[in-house]
Novice: 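Sharing a structure with you now.
Just so it is clear, the model here is predicted, and its values are computed rather than measured. In this chain, numbering begins with 1 at the start of the sequence shown.
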Amino acid sequence: MASYTDYRDFIKHKLDMRTLLEQLAEEAIELSKASLKLIRAKGLSNNSTPIAEQEAIQNLLEEVGDVMMVLTLLCSENKINIDIENNPKWKRWAERLGYVEE
């Protein structure tokens, strides 16, 4: 029986960087739509939706997973190096929210 790494490695060797970036863009759009749908399902908007909150949460989680899968492939073998911990945006974001260093 094949494993996650077998599937990942097969996909990684079949798709080039352009294709992975296209896939990431598509998945990012779907993630954005799922986020907006959850806002509506939770009643945080005046624009209601027939989708139940739990279904909207499940859809969001699926799209987060899809984005993470593509990012995993892009980050493997140094195609793209993403250093989350040292991203200067953490500081800028915190400061915009009122963070002050002591």
Novice: Do Leu61 and Ile57 make a side-chain contact, defined as non-hydrogen atoms from C-beta onward lying under 4.5 Å apart?
Specialist: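 Of all side-chain heavy-atom pairs linking Ile57 with Leu61, at least one is under 4.5 Å.
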
Novice: Under 4.5 Å between any side-chain heavy atoms of Phe10 and Asp6, yes or no?
Specialist: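 The answer is no; the side chains never approach within 4.5 Å.
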
Novice: Quick check: is Val64 connected to Met69 through a chain of hydrophobic side chains (ILVMFWY, heavy atoms under 4.5 Å apart)?
Specialist: no

Novice: Quick one: CG on Leu71 to CG on Leu20, what's the gap to the nearest 0.5 Å?
Specialist: 10.0 Å

Novice: When the side chains of residues 28-41 are checked against the rest of the protein, which donor-acceptor pairs come out under 3.5 Å, sequence neighbours left out?
Specialist:
from: Ser35; atom 1: OG; to: Leu31; atom 2: O; distance (Å): 3.0
from: Arg40; atom 1: NE; to: Asn47; atom 2: O; distance (Å): 2.9
from: Arg40; atom 1: NH2; to: Ser48; atom 2: O; distance (Å): 2.7

Novice: Mark yes when over 12 heavy atoms from residues, nucleotides or ligands other than Met68 sit less than 6.0 Å from its CE; otherwise mark no.
Specialist: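 At most 12 heavy atoms, drawn from other residues, nucleotides or ligands, come within 6.0 Å of this atom.
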
Novice: Name all pairs fulfilling the side-chain hydrogen bond (donor to acceptor under 3.5 Å, both in side chains) condition that reach into residues 14-24, sequence neighbours left out, sorted by first residue then second.
Specialist: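 Checked against side-chain hydrogen bond (donor to acceptor under 3.5 Å, both in side chains) - neighbours excluded - the pairs reaching residues 14-24 are Asp16-Thr19, Arg18-Glu22, Gln23-Glu27.
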
Novice: Under 3.5 Å, is there a donor-acceptor pair between the side chain of Asn87 and the main chain of Ile84?
Specialist: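 Checked: no pair found.
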
Novice: Just verifying a value: how many Å separate Leu74 CG and Ile82 CD1, rounded to the nearest 0.5 Å?
Specialist: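 That separation rounds to 7.0 Å.
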
Novice: Hydrophobic clustering (ILVMFWY, side-chain heavy atoms < 4.5 Å, transitive) - are Met17 and Val70 grouped together?
Specialist: yes

Novice: For residues 49-56, run the donor-acceptor check on the side chains, cut-off 3.5 Å, and write out each pair with its distance to 0.1 Å, sequence neighbours left out.
Specialist:
from: Thr49; atom 1: OG1; to: Ile51; atom 2: N; distance (Å): 3.4
from: Glu53; atom 1: OE2; to: Lys42; atom 2: NZ; distance (Å): 2.8

Novice: For Asp83, does the CG atom have more than 12 heavy-atom neighbours from other residues, nucleotides or ligands under 6.0 Å away?
Specialist: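 Correct, the count exceeds 12.
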
